[in-house]
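First comes the structure, then the notes that go with it.
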Amino acid sequence: MAITSIMIVGVGGQGTLLASKILGNVAVSQGYDVKLSEVHGMAQRGGSVVTYVRYGDKVYSPIIAPAGADIVLAFEELEASRWANFCKKDGTLIVNTQRIDPMPVVTGAKNYPLKTMNELVEKQIKLIPVDALALAKQAGTVKAVNVVLIGVLAKSSNIPKEVWIESIKNTVPERFLEMNMKAFELGYNV
Amino acid sequence: MKEIMLGNEGVARGVFEAGATVVASYPGTPSTEITETIAKHNEIYSEWAPNEKVAMEVVIGASIAGARSFTAMKHVGLNVCADPLFTVSYTGINGGLVIAVADDPGMHSSQNEQDSRHYAMSAKIPMLEPSDSQEAKDFTKLAYELSEKYDVPFMLRLHTRVSHSRSLVDVGERTEVPLKEYKKDINKYVMMPGMARKRHVVVEERQAALQELAEQTELNYIEMNDTKIGIICSGICYQYAKEALPNASFLKLGMIYPLPAKKIAEFAKKVDKLYVIEELDPFIETFVKAQGIEVTGKDLFSVMGEYSVEMIAKAISGTNIETLDVKFEEELPPRPPVLCPGCPHRGLFYVLKKLKLTVTGDIGCYTLGALSPLDSIDACVCMGASIGMSLGMEKARGKDYARKLVAVIGDSTFIHSGITGLIDVVYNKGTSTVIILDNSITGMTGHQHNPSTGFTIKNEPTKQVDLVQLCKAIGVERVRVVDPFDVVETEKVIKEEVAADEPSVIIAQRPCALLKSVRYTGKVTVNQDKCTKCKMCMRIGCPAIAWKDGKIMIDHTQCNGCGLCLNVCKFGAMEKVGE
Ligand SMILES: Cc1ncc(C[n+]2csc(CCOP(=O)(O)OP(=O)(O)O)c2C)c(N)n1
């Protein structure tokens, strides 16, 4: 099988690492060769965070370069714009439309760009906008933003739904399972 | 059984399976998880040492005593322990000794981009370089056998993309290795000129043997394919190049010092055009050229930053990948890292900026105090440098200048290499002020204990360095302790100590907000009736406080109720709710 390259981007503290872990486990369970790459240290302190997941018969590079991702899963809108050029020409950009102001915007030195999503649509890029925060609330907890987005990703991936559900069952504690399954379904059906 | 693990976990697994029993390290991204993972094994003694030099000395001692031992560090850590490194090359080892060093091309979390391969060459210590997690484990285990066979420590060169990438690893069993016999042997272990001269002969003989090993070892292998293009590479660049040039022939080097001259010549003969693909310095390329072999390397590739599959494909095959047109009309603001909500350092930097002091800085989370809106650090070079630099500034510009000069240094960094700087201040009659930011943990690298926290790597209680007593014992008579969230008191104390015509230390004490023991409650809201929109609260640079639609607003997903803004607002407009 050709290699599938998925990039997960967001803001430090948003839980992108967990999403890449679940995705990695899903790929391993399918018998694929898998490589994941993460950023630790300085880059985590509220900065822009990127993780790469690649799977297929044989994976060499653990990282993805511009125009190399089949899917870019963005946990935040500005980060989606920042990393959009990592999407392949026919790739998919999944965007949680949540906005988190970076420090230069907080201090008023810069403005948060408001029109970039429209520009991406105009350029006919395959874009899936998701209000993951609202869907997570609907599922019962704002903390499930993560799982909502995994639901969206599952739908866009080439791995069967049951495998994803199994992996979530193995990762989240029993008492949160119902809420998380609801979040996953909401994401899957976007 | 195959498990998916970090390259760092692979190294840790290799150390475990090889039967090592003593491990000492100082944390440093991207190497930290190696020692953290090892610490979970009770079969191995492990510790966080105060710095890399001490760590290295501990494992040298353990090796002489007959144990398989190990230390890991980031690239700049190797500078700190370069002194023992160069001479352990002369003494050789008894129990196998492996030294892992993680380079950080692209500087994801480092202050420079140095290439640690030069150390292997100058210290005459062999070096292996894995390219994924499986090799990380296998090379580590093999390094122990080779170390004992050749009576030399082996270095393992890692890379951010190997250390922090996960891939599949075949997990094996641990082999218990008995301690080797220890025999007193001053000709081998006491390096004075008379003995060292003899040991240098041994080193040079060993070099010849290692050269032969480089030629024979299966770590260096040729993969013949199309003979038009031949690539010499190692580590992560092998992974990039294999994907970029699937049809090319490869000489993959698992052992990068010493380099195999004959094998390189043999490979060069088999291919039409020879390339070396290596990040950072032209280490392999220079060697190949010195053999009189024509090769292309840095003519095509940068000595700075990281490479990628696409970059290599473009440079060598001229393949251009079609990219999306994603230029936006609006500017995309950067997202620099920031001090976390509730970070104790924030209060201190707010005061330092207010007082317009010159601040020599150091390395840790608090280096972020250099960025806007805190803007309060003037210089930052390496761990421990803040104190020496402040003394140097005072000596250059005079005592009056010291009246507006402070050094800031974290607790872990102070223990690492700040103490000697402080001794210099006292001994050489400096008068500047040192502020120790004591957040009760080594924060930057992800919460490791250090001698000032009172706990070991295994979370066992131990003696705690008393920073006040320590500074007094050195000869600092003015030692004050403040809470950096009490900005009024902190300002007063800093003013007094900076004015004093003698050395002083201020310990700014408040634990890291991410520690489990720290429980702030409630959230802050702005009473808009009381808010005068003076924006004083924005000067603390809290990510939860923003200016929106002409008002100060608090983002409740970020606010953790630490309450610093309550202490900064002069109009009582910040109110705590939900406590
Ligand atoms: C020689 C060297 N070793 C290790 C590191 C990695 N490192 C950077 S900051 C730091 C520790 C910072 O801890 P502390 O001084 O307590 O400050 P905090 O981050 O907690 O504010 C370490 C280990 C380094 N940069 N240089």
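Values below: all heavy atoms of this structure, side chains included; hydrogens, waters and symmetry mates excluded. Small disclaimer: the values here were computed from a predicted structure and weren't measured. In what follows, chains carry the letters A, B, and so on, assigned in the order in which the sequence lines appear, proteins first and then strands, with residues in each chain numbered from 1.
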*asked:* Does A:Arg54 form a side-chain contact (heavy atoms from CB on, under 4.5 Å) with B:Glu243? I'd like the steps, not just the answer.
replied: CA-CA 13 Å; A:Arg54 307 189 73 211; B:Glu243 192 164 324; 2.7 Å; yes
Portion of [X] that has a non-hydrogen atom of chain A nearer than 4.5 angstrom:
{"X": "B:Cys542", "answer": "backbone"}
{"X": "B:Pro341", "answer": "neither"}
{"X": "B:Gln558", "answer": "side chain"}
{"X": "B:Lys548", "answer": "side chain"}
{"X": "B:Val338", "answer": "both"}

*Could you walk me through whether B:Glu330 and A:Asn111 pass the side-chain contact (heavy atoms from CB on, under 4.5 Å) test, one step at a time?*
CA-CA 9 Å; B:Glu330 296 159 290; A:Asn111 294 317; over 6 Å; no
*Rounded to the nearest 0.5 Å, what's the gap from CD on A:Glu79 to CZ on B:Arg335? Could you check?*
4.0 Å
*asked:* Distance check, rounded to the nearest 0.5 Å: A:Ser37 atom OG versus B:Leu6 atom CG?
replied: 9.5 Å
Counting heavy-atom pairs under 4.5 Å with chain B, which one of [options] comes out on top?
{"options": "A:Ser81, A:Gly24, A:Gly91, A:Gly68", "value": "A:Ser81"}
{"options": "A:Pro113, A:Ala65, A:Ala84", "value": "A:Pro113"}
{"options": "A:Ile64, A:Val142, A:Leu120", "value": "A:Leu120"}

*Under the 3.5 angstrom rule, does the side chain of B:Glu310 hit a backbone N or O of A:Pro66 as a donor-acceptor pair?*
no
Considering residues, nucleotides and ligands other than [X], do more than 12 of their heavy atoms fall under 6.0 Å from its [atom1]?
{"X": "A:Lys88", "atom1": "NZ", "result": "yes"}
{"X": "A:Lys143", "atom1": "NZ", "result": "no"}
{"X": "B:Lys314", "atom1": "NZ", "result": "no"}
{"X": "A:Lys161", "atom1": "NZ", "result": "yes"}
{"X": "B:Glu223", "atom1": "CD", "result": "yes"}

*Ring-face cation of A:Lys123 near B:Phe328 (centre distance under 6.0 Å, axis angle within 45°)*: yes
Would you mind telling me which of [options] has the largest number of heavy-atom pairs within less than 4.5 Å of chain A?
{"options": "B:Arg161, B:Lys2, B:Lys327", "answer": "B:Arg161"}
{"options": "B:Pro336, B:Gly541, B:Pro333, B:Ser167", "answer": "B:Pro333"}
{"options": "B:Leu168, B:Ile321, B:Val162", "answer": "B:Leu168"}

*State which residues pass side chain to side chain contact (heavy atoms under 4.5 Å, CB included) with A:Thr16; sequence neighbours excluded, sorted by chain then number.*
A:Ile8, A:Val49, A:Phe75
*asked:* To check you understand the geometry: which heavy-atom pair defines the closest contact between A:Thr107 and B:Met538, and what is its length?
replied: CA-CE, 3.9 Å
_B:Val326 and side chain to side chain contact (heavy atoms under 4.5 Å, CB included): which single residue from A:Leu93, A:Ile125, A:Thr116 fits?_
A:Ile125
For [X], is it the side chain, the backbone, both, or neither that has a heavy atom closer than 4.5 Å to a heavy atom of chain B?
{"X": "A:Asn25", "value": "side chain"}
{"X": "A:Ile100", "value": "both"}
{"X": "A:Val34", "value": "both"}
{"X": "A:Phe86", "value": "neither"}
{"X": "A:Gln98", "value": "neither"}

Does some side-chain heavy atom of [Y] sit less than 4.5 Å from a side-chain heavy atom of [X]?
{"X": "A:Ile63", "Y": "B:Tyr240", "answer": "yes"}
{"X": "B:Ile236", "Y": "A:Pro62", "answer": "yes"}
{"X": "B:Pro543", "Y": "A:Met103", "answer": "yes"}
{"X": "A:Pro104", "Y": "B:Pro334", "answer": "yes"}
{"X": "B:Asp555", "Y": "A:Asp101", "answer": "no"}

